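Remarks on the structure that follows.
When reading the values below, keep in mind they use all heavy atoms of this one structure, side chains included, and skip hydrogens, waters and symmetry mates. Note that this is a predicted model, so its numbers are computed, not measured.
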Amino acid sequence: MNLNFSFPFRLFETHSFGDVESDYINFERAYTDYTLNRRLQPFAPETLAGKQSINEINARLNSIQKQKSIEVAKVKL
């Protein structure tokens with residue numbers, strides 16, 4: 001999902017939010033973290049490595065299943 005929007009933080013730089021000030025600051029910090037993570041993708045190498053590992057495991061599983069069927073055929077002879 002591609003969301004192309006940004007929150008206008010600059011419009012609120014001079015405003016005071018009273019009781020919800022700390023909630024607004026937490027929102028701003030979380031939003032900034034979210035946008036940085038989406039742009040920089042710091043976990044991309046781990047994701048790629050995980051996908052490669054899954055592919056290797058699936059290939060090994062297929063090989064073992066083929067070996068099993070060969071061994072079962074040998075036993076039947």
Side-chain angles (χ1 to χ4, degrees):
M1 181 177 5
N2 236 350
L3 302 176
N4 294 323
F5 68 93
S6 62
F7 191 82
F9 290 108
R10 292 183 189 259
L11 294 175
F12 302 104
E13 286 179 344
T14 59
H15 290 74
S16 176
F17 292 102
D19 291 343
V20 295
E21 182 84 28
S22 63
D23 293 328
Y24 178 77
I25 291 169
N26 288 335
F27 165 71
E28 185 175 2
R29 189 173 300 130
Y31 183 83
T32 302
D33 290 347
Y34 167 76
T35 55
L36 285 172
N37 280 331
R38 284 193 45 96
R39 190 177 81 221
L40 300 175
Q41 298 181 354
F43 302 108
E46 288 88 354
T47 302
L48 179 60
K51 288 179 182 178
Q52 289 174 340
S53 178
I54 289 171
N55 289 338
E56 291 170 1
I57 290 169
N58 284 333
R60 185 170 176 223
L61 177 63
N62 289 335
S63 174
I64 290 172
Q65 287 172 336
K66 287 177 185 176
Q67 287 176 344
K68 177 187 172 191
S69 63
I70 291 170
E71 294 300 322
V72 166
K74 284 182 183 178
V75 170
K76 287 182 181 180
L77 294 176

Starting from L36, walk the hydrophobic network (Ile, Leu, Val, Met, Phe, Trp, Tyr; side-chain heavy atoms closer than 4.5 Å) and list everyone else you reach, by chain and number.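 When side chains under 4.5 Å apart are linked, the cluster holding L36 also contains L40.
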Smallest separation among heavy atoms of E46 and P42, with atom names: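 Between these two residues, the closest heavy atoms are OE1-O, 3.5 Å.
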In a table with atom names and distances, give each donor-acceptor pair under 3.5 Å that connects a side chain of residues 11-20 to protein atoms at least two apart or in another chain.
| residue | atom | partner | partner atom | Å |
| --- | --- | --- | --- | --- |
| H15 | ND1 | L11 | O | 3.3 |

Would you mind writing out the side-chain donor-acceptor pairs for residues 57-77 within the sub-3.5 Å range, not counting sequence neighbours?
| residue | atom | partner | partner atom | Å |
| --- | --- | --- | --- | --- |
| N58 | ND2 | I54 | O | 3.4 |
| N62 | ND2 | N58 | O | 3.4 |
| S69 | OG | K66 | O | 2.8 |

Donor-acceptor pairs are to be reported for all side-chain atoms of residues 25-33 against protein atoms at under 3.5 Å, with residues two or more places apart or in another chain.
| residue | atom | partner | partner atom | Å |
| --- | --- | --- | --- | --- |
| N26 | ND2 | S22 | O | 3.3 |
| Y31 | OH | F5 | O | 3.3 |
| Y31 | OH | F7 | N | 3.1 |
| T32 | OG1 | E28 | O | 2.8 |

